[in-house]
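In what follows, chains carry the letters A, B, and so on, assigned in the order in which the sequence lines appear, proteins first and then strands, with residues in each chain numbered from 1.
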Amino acid sequence: MASESELNAGIEDGVRRRDFINIAAVSFAGVGAVAVVVPLLNQMNPSADVLALSTTEIDISAIQPGQAIKTSWRKQPVFVRNLVAKEIAEAKAVPLGDLRDPETIDQRTKPGKENWLITLGVCTHLGCVPLGAAEGENKGDFGGYFCPCHGSHYDTAARIRKGPAPKNLVVPPYEFNSDTVVTIG
Amino acid sequence: MSFPWAKPYEPTHPLMKWMDEKLPIPRLVYNATGPGYPVPRNLNYFWNFGVLAGAALMIQIITGIVLAMHYAANASVAFNSVEHIMRDVNAGWFIRYAHMNGASMFFIVVYLHIFRGLYYGSYKAPREMVWLLGVVIFLLMMATAFMGYVLPWGQMSFWGAQVITGFFSAIPIVGEPVREWLLGGFVPDNATLNRFFSLHYLLPFVILGVIILHIWALHIPGSSNPTGIEVKDEQDTVPFHPYYTAKDGFGVGVFLLIFVALTFFSPNTLGHADNYIPANSLSTPAHIVPEWYFLPFYAILKAFTFNFLWIDAKLWGVIAMFASIALLFFLPWLDSSPIKSSNYRPLYRIFFWILVADVLLLGFCGMQPAEQPYVILSQLGAIYYFAHFLVILPIVSRIERPLPMPNSITEAVLAKHATDTASASATA
Amino acid sequence: MVRPLGFLVGLGFITALVLAIFTTPLSNEANVAHEFHKHPRHLKLASDGIVLPHWDKAQLQRGMQVYKEVCSACHSLNLVAFRDIADLGYTEGQIKTFAKGFQVPSVNPDTGEPATRDGLPSDYFPSPYANEVAARAANNNALPPDLSLITKAREGGKDYIYSLLTGFQNPPKNLPAELKPGTGLHYNPYFANLNLAMAPPLAPNQVTYADGTKATVDQMSKDVTAFLVWTAEPKLIKRIQVGYAVFFFLLIFTVLTYLSYRNIWADKKH
């Protein structure tokens with residue numbers, strides 16, 4: 001350690017560089033603190049095993065025309081419905097202007113596979129599971145689905161027609177792998 | 001907390017003035033860690049470990065809260081939930097390894113902090129309360145660390161819980177019922193795991209509370225220093241901020257470097273392979289050892305192999321192990337020397353270093369199987385441990401003739417600089 | 001008061017310890033097995049150490065083949081999912097096909113009876129036995145351990161696993177009778193008590209490697225051990241890589257804090 005006078009001499013011309021060092025040290029601490037927050041927040045995102053279940057393959061060969069099944073994708077109910085010609089015609093007959101959430105049935109199914117209506121079974125009002133997928137359940141006033149919680153009625157294309165729900169039942173992303181197997185997600 | 005030479009807090013900004021009237025947190029911070037807390041100017045690096053222990057606790061609390069979001073305290077899934085964290089949770093492996101090695105870092109830092117206190121007589125008047133609260137923190141840390149080690153529900157978790165709770169069964173008559181009460185069963189099982197998880201989450205916050213008391217009690221007399229001479233006036237001190245915040249910043253940097261090297265490059269070195277085997281109540285690992293930070297105490301436990309008086313060996317071991325920590329509570333009164341710093345205590349200093357070597361020896365013996373020569377070494381080690389505190393220390397503090405001491409911290413600092421300059425010019 | 005009482009207590013402990021010293025025999029009971037027990041041989045893998053470790057994917061793939069064709073007959077791999085083998089360099093399509101080759105437990109949707117179905121990438125390697133009792137019953141009451149964590153769950157780690165796999169041999173002539181392998185046991189000097197319930201699992205050319213590597217016992221042991229190092233810690237390489245970034249960041253930070261500390265203290269003697 002040098003004497004008092006030598007130290008003071010050193011400070012005189014070094015002030016700028018030395019202030020810079022203090023600022024740099026504090027800045028590094030700040031950057032480090034932010035960097036460590038990333039993994040601490042990222043851990044709350046879906047983990048690898050959850051993401052691995054984010055696509056589901058469904059075998060639709062057993063669903064007869066006019067029937068529907070309830071399956072699940074990402075732990076949410078999914079309705080897969082094999083529409084008959086009459087139901088498709090009913091859906092097509094509705095003028096778009098009458099719909100709360102205007103969409104044609106063609107927009108809600110895949111080309112050439114208009115009879116396969118695949119939607120989430122989650123009412124767009126407050127998230128209840130609508131009835132109508134299983135045999136004998138209330139299909140509502142429009143022959144599609146009926147949500148018992150607050151009385152939303154969906155038609156044969158699962159579009160909202162009556163009741164509080166604001167939107168049609170959501171069509172999840174899906175692909176036909178073959179005529180009988182669909183991958184959702 | 002008020003020293004005549006402390007800078008008073010004088011808010012200038014209207015907002016700070018307003019705040020000072022309603023909730024004077026800025027004043028508290030200023031007087032606790034800001035320019036309002038004058039600290040002896042001659043502290044060496046051993047005075048960094050208090051702040052580092054606080055940093056280690058914060059790391060444990062933060063990583064622990066995050067782990068608790070994914071861990072499941074149920075005997076049938078606990079092991080796999082930890083592996084789920086290691087494999088599937090985003091950055092889970094990092095957080096889990098940080099928590100695991102963070103516990104070791106916490107103990108390394110706290111042990112250095114304790115030995116600093118032993119060498120420099122930090123436990124002596126007027127800081128007895130600081131020391132007593134520190135021993136309480138140490139005990140709480142041990143309980144927390146033990147219960148945390150049970151949570152992954154591996155073989156060492158299970159058998160560690162079995163052995164430690166087995167201590168209680170050494171107590172005559174009430175021992176066995178107490179043990180069953182602690183476990184909620186006859187062996188560690190789901191009930192044990194659940195209550196340990198609950199307490200493992202609770203105790204760190206209790207530790208935090210006692211740390212606040214520890215710092216509060218410290219700030220009444222102010223920090224001690226390597227000379228052991230109390231502060232006499234302002235020139236003996238520097239304000240905590242920026243002087244010791246800067247020095248602690250550097251200390252935190254070095255601490256984190258070691259912590260990171262351990263966590264990323266060698267995370268399992270301080271652990272035990274058996275804890276990667278799921279708990280099995282029907283098969284004991286060949287060699288049960290606790291985590292490294294308990295090894296000296298474990299060696300003391302194992303050193304007692306003889307039924308003496310009406311107490312059997314097992315109970316002697318358990319009593320001695322608890323006594324080896326409990327005697328720290330009496331340290332301020334066992335050592336009657338008015339001199340704090342071992343720098344001026346030639347005789348005690350020798351015994352201090354023997355104690356350091358002794359605790360390291362006990363730690364080494366704690367790791368070994370119950371074979372010779374480790375048994376006799378741990379017996380000799382335990383003899384010295386008790387002799388040091390209960391026999392040697394009270395005698396030494398009576399017969400010792402201290403070295404001449406400077407009159408003040410400033411005088412010591414100036415004398416040190418004079419010799420430094422002299423030797424510098426001599427070499428030049 | 002404290003000092004006299006402390007003195008008495010100290011005397012009590014010390015007397016108990018001194019008596020313990022004089023009553024404990026100074027010699028150990030002879031452990032003959034120690035003489036024959038061998039320390040594991042070192043196995044060098046690409047994933048070792050902290051100097052640029054990496055996964056040797058070709059080796060891991062071969063190791064997985066050994067696990068699938070040999071080890072999986074008795075040993076489970078519960079913690080590894082088919083999706084995880086993307087780390088080994090397999091494509092999504094290959095993983096799907098690979099998973100399909102396994103039957104995983106399921107429930108017959110019509111009867112509720114236990115059944116099996118084709119594996120999916122999200123499924124885990126299925127266990128060879130339904131439960132521990134079945135595993136013991138099929139193996140002479142010895143439980144084949146799960147291999148997911150085996151290289152972390154044994155002292156000696158990968159070296160031990162490699163040594164064990166290559167260490168089967170005839171018992172030495174001077175082996176005392178009580179250490180000779182009994183019925184259903186096999187001599188292996190790397191195993192703690194020298195006699196292992198597992199029969200030598202590997203024989204030359206037991207598997208046929210697609211990449212043409214010669215399938216010697218040593219090669220297969222190396223490969224499957226490398227694979228088990230991966231299963232024990234799939235994040236190992238990432239850990240080292242992130243570690244370097246964090247370490248060098250902190251190194252610069254520490255140097256800066258040191259300079260800052262010297263700077264702030266420059267005018268203070270201490």
### Message
Please identify, among B:Val89, B:Ile65, B:Thr63, B:Val66, the residue contributing the most non-hydrogen atom pairs under 4.5 Å to chain A.
### Response
B:Val66
### Query
Is the number of heavy atoms from other residues, nucleotides or ligands within 6.0 Å of NZ (A:Lys86) greater than 12?
no
### Task
Output yes when a side-chain donor or acceptor of B:Asn90 lies under 3.5 Å from a complementary backbone atom of A:Pro46, and no otherwise.
yes
## Note on the structure
All heavy atoms of A:Pro39 vs all of B:Ile95, minimum pair found to be O-CD1, 4.0 Å
### Task
Tell me, yes or no, whether the heavy-atom count around B:Phe46 atom CZ, taken from other residues, nucleotides or ligands under 6.0 Å, exceeds 12.
no
#### Entry: Donor-acceptor contact present, side-chain B:His70 to main-chain A:Gln43, <3.5 Å
yes
### Query
Would the number of heavy atoms belonging to other residues, nucleotides or ligands and lying under 6.0 Å from NZ of A:Lys167 be above 12?
no
### Task
Count the heavy atoms belonging to other residues, nucleotides or ligands that lie under 6.0 Å from CD of A:Gln107, then report whether that count exceeds 12.
yes
### Query
Around atom CE of B:Met69, are there more than 12 heavy atoms of other residues, nucleotides or ligands at under 6.0 Å?
yes
### Query
If you count heavy-atom pairs under 4.5 Å between each of A:Asn42, A:Asp49, A:Val50 and chain B, which one has the most?
A:Asp49
